[in-house]
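Note that the structure is predicted; figures quoted are calculated from it, not measured. For this chain, numbers begin at 1 and follow the sequence in order.
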Amino acid sequence: MLTSLQNSLVKQIRKLHSTKERHKQELFLLEGTHLLEEACAVNYPLETVCCTPDWQASHTALWEKVCSRCDRAEIVSEEVLGAIATTIQPDGVVATARRSESINQVPLDGIVLALETIQDPGNLGTIIRTAAAAGASGLWLSDDSVDLDNPKVLRASAGQWFRLNMAVTEDLSTTVQQSQQAGMQVIATLPTAKLTYWEIDWRKPSLILLGNEGAGLSADLAKMADKQVNIPLSPGVESLNVAIAAALMLYEARRQITAG
């Protein structure tokens, strides 16, 4: 059992708390039983899994499963587990996985989100969770956004991170052009738009553009949209949280598609 905070593996995993180190090591953290179960459900390859003796005793089947799928499995003390986890009260297990495995192909069909400069990991994780629940085809993220594999993003996605096609794009405008060339309509969300979001025919393949939490969508991207829509707000309400805005449009699209 690993008990020393000076152990080389412990030091390596602790470094993954930082964005810079996740990029350098090409690894990210999976924290908690639920995320580990979801990773196993989709056969996501794991590098290292660390758990406490109590967690191992109460999750024998899952432990056997992860041991057969990871490169290294270690029993660690409560102190060590607490040090390598980013949460205040970890539930007993932390794993690492390769970042490169998280890049998927986003289809140019169905309902797809394109997110520009999203900064809050809770927002991004919630959007991922909602997109998966609503049956979206995928999600594009601009490269100046919070990392897709930030630990808080994974936790906020409630495991749906593994079930949605997602990719980071270095040039969101090029991604928009490619989507249009593939026959997708591009919808921008703007408070000044004349159309409301439920006036769009969401049965058509659609790319939904959503912008930064504070600044909103950039003017250059907004101009590229085929249609611009607003979400009606009562007087005195300035804006909606970006994750809520995404949810409203995703579920209106689902409603229309389901109704035929």
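Pairing each heavy atom of N150 with each of K152, the nearest pair is OD1-N, 2.8 Å. Of all the heavy atoms in L2 and V80, the pair that sits closest is O-CG2, 3.7 Å. Across all non-hydrogen atoms, the minimal contact from L190 to A222 is CD1-CB, 3.8 Å. The shortest non-hydrogen separation linking A156 to P121 is CB-O, 4.3 Å. For P45 against A97, the heavy-atom pair with the smallest separation is O-CB, 3.6 Å. Between I208 and L250, the closest heavy-atom pair is CD1-CD2, 4.4 Å.
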Working for side-chain contact (heavy atoms from CB on, under 4.5 Å), residues H17 and L29: CA-CA 8 Å; H17 292 197; L29 288 168; 3.8 Å; yes

Steps toward side-chain hydrogen bond (donor to acceptor under 3.5 Å, both in side chains) verdict (E116, S145): CA-CA 7 Å; E116 181 186 32; S145 298; over 6 Å; no

Evaluation steps, side-chain contact (heavy atoms from CB on, under 4.5 Å), between L248 and L240: CA-CA 10 Å; L248 288 169; L240 282 179; 3.7 Å; yes

Working for side-chain contact (heavy atoms from CB on, under 4.5 Å), residues I187 and I200: CA-CA 9 Å; I187 311 298; I200 296 295; 4.1 Å; yes

Evaluation steps, side-chain contact (heavy atoms from CB on, under 4.5 Å), between T3 and E79: CA-CA 7 Å; T3 59; E79 184 184 14; over 6 Å; no

side-chain hydrogen bond (donor to acceptor under 3.5 Å, both in side chains) evaluation trace for E252 with Q256: CA-CA 6 Å; E252 172 60 18; Q256 290 188 19; 2.8 Å; yes

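Residues C50 and I13 are in side-chain contact: their nearest non-hydrogen atoms beyond the backbone lie under 4.5 Å apart. The side-chain heavy atoms of V10 and S4, taken from C-beta on, include no pair separated by under 4.5 Å. Two residues are said to be in side-chain contact when any heavy atoms from C-beta on lie closer than 4.5 Å; P151 and R22 meet this criterion. Side-chain contact between L35 and F162 is present, with at least one heavy-atom pair separated by less than 4.5 Å. Side-chain contact check for I257 versus I111: some heavy-atom pair is nearer than 4.5 Å. Annotation: side chain of V176 is in contact with side chain of L209 (closest heavy-atom distance under 4.5 Å). Q12 has its side chain within reach of L27: a pair of non-hydrogen atoms, C-beta onward, lies under 4.5 Å apart. Contact of the T126 side chain with the T130 side chain is registered, since non-hydrogen atoms from C-beta on lie closer than 4.5 Å.
I84 and I75 end up in different hydrophobic clusters when Ile, Leu, Val, Met, Phe, Trp and Tyr side chains are linked at under 4.5 Å. Follow the hydrophobic side-chain contacts under 4.5 Å out from V76 and you never reach L46; the two are in separate clusters. Residues F28 and L81 are members of separate hydrophobic clusters, defined by side-chain heavy-atom contacts under 4.5 angstrom among Ile, Leu, Val, Met, Phe, Trp and Tyr. In the hydrophobic clustering of ILVMFWY residues, with side-chain heavy atoms under 4.5 Å counting as a link, V94 and L36 come out apart. Cluster annotation: L210 and L195 are assigned to the same hydrophobic cluster (Ile/Leu/Val/Met/Phe/Trp/Tyr, side-chain heavy-atom contacts under 4.5 Å, transitive).
The ring-ring contact (aromatic ring centres under 6.0 Å, His included) pairs that include a residue from residues 185-221 number zero, where partners must be two or more places apart or lie in different chains. Counting only residues at least two apart or in different chains, side-chain hydrogen bond (donor to acceptor under 3.5 Å, both in side chains) contacts with residues 220-239 comprise Q180-D226.
Counted by atom type alone, Q185 and S206 present one or more donor-acceptor pairs between their side chains at under 3.5 Å. Side-chain contact of S173 with D171: a donor-acceptor pair under 3.5 Å is present, judged by distance alone. For the residue pair Q160 and S157, no side-chain donor N or O sits within less than 3.5 Å of a side-chain acceptor on the partner. Looking only at atom types and distance, the side chain of E213 has a donor-acceptor partner in the side chain of N123 under 3.5 Å away. If you check the side chains of D91 and H34, you find no donor sitting under 3.5 Å from an acceptor.
In this structure, CZ on R14 lies 12.5 Å from CG on L9, to the nearest 0.5 angstrom. Annotation: the span from H23 atom NE2 to E21 atom CD amounts to 11.0 Å, rounded to 0.5 Å. Summarising the geometry, atom CG belonging to L154 is positioned 5.5 Å from atom CH2 belonging to W161; distances are rounded to the nearest 0.5 Å. Here M1 contributes atom CE and Q56 contributes atom CD; the two are 10.5 Å apart, rounded to the nearest 0.5 Å. Put simply, CD1 on I127 and CG on L164 are 11.0 Å apart, with the number rounded to the nearest 0.5 Å. The structure places NZ of K15 at 10.5 Å from NZ of K20, a figure rounded to the nearest 0.5 Å.
The number of heavy-atom neighbours closer than 6.0 Å to CZ of R129, taken from other residues, nucleotides and ligands shown, is 12 or below. Within a 6.0 Å sphere centred on CD of E170, other residues, nucleotides and ligands contribute 12 heavy atoms or fewer.
Proximity of a side-chain donor or acceptor of E199 to a complementary backbone N or O of T196 within less than 3.5 Å is detected. Looking only at distances, no side-chain donor or acceptor of R72 sits under 3.5 Å from a matching main-chain atom of E47. Listed for the R69 side chain is a donor-acceptor partner under 3.5 Å among the backbone atoms of C40. In this structure, the side chain of T60 does not engage the main chain of A57 through any donor-acceptor pair within 3.5 Å. Proximity of a side-chain donor or acceptor of T258 to a complementary backbone N or O of R255 within less than 3.5 Å is not detected.
Among V146, L141, N212, the single residue meeting the side-chain contact (heavy atoms from CB on, under 4.5 Å) criterion with T117 is N212. Each of L207, L113, N165, V168 was evaluated against W140; a single residue qualifies, L207, per the side-chain contact (heavy atoms from CB on, under 4.5 Å) test.
Proximity of the aromatic rings of W55 and H59 is defined here by a centroid distance below 6.0 angstrom, and this criterion is met.
Salt-bridge check for E31 with R155: passed, with a basic side-chain N closer than 4.0 Å to an acidic carboxylate O. R163 has a carboxylate O that lies under 4.0 Å from a charged side-chain N of E38, or vice versa, which qualifies the two as a salt bridge.
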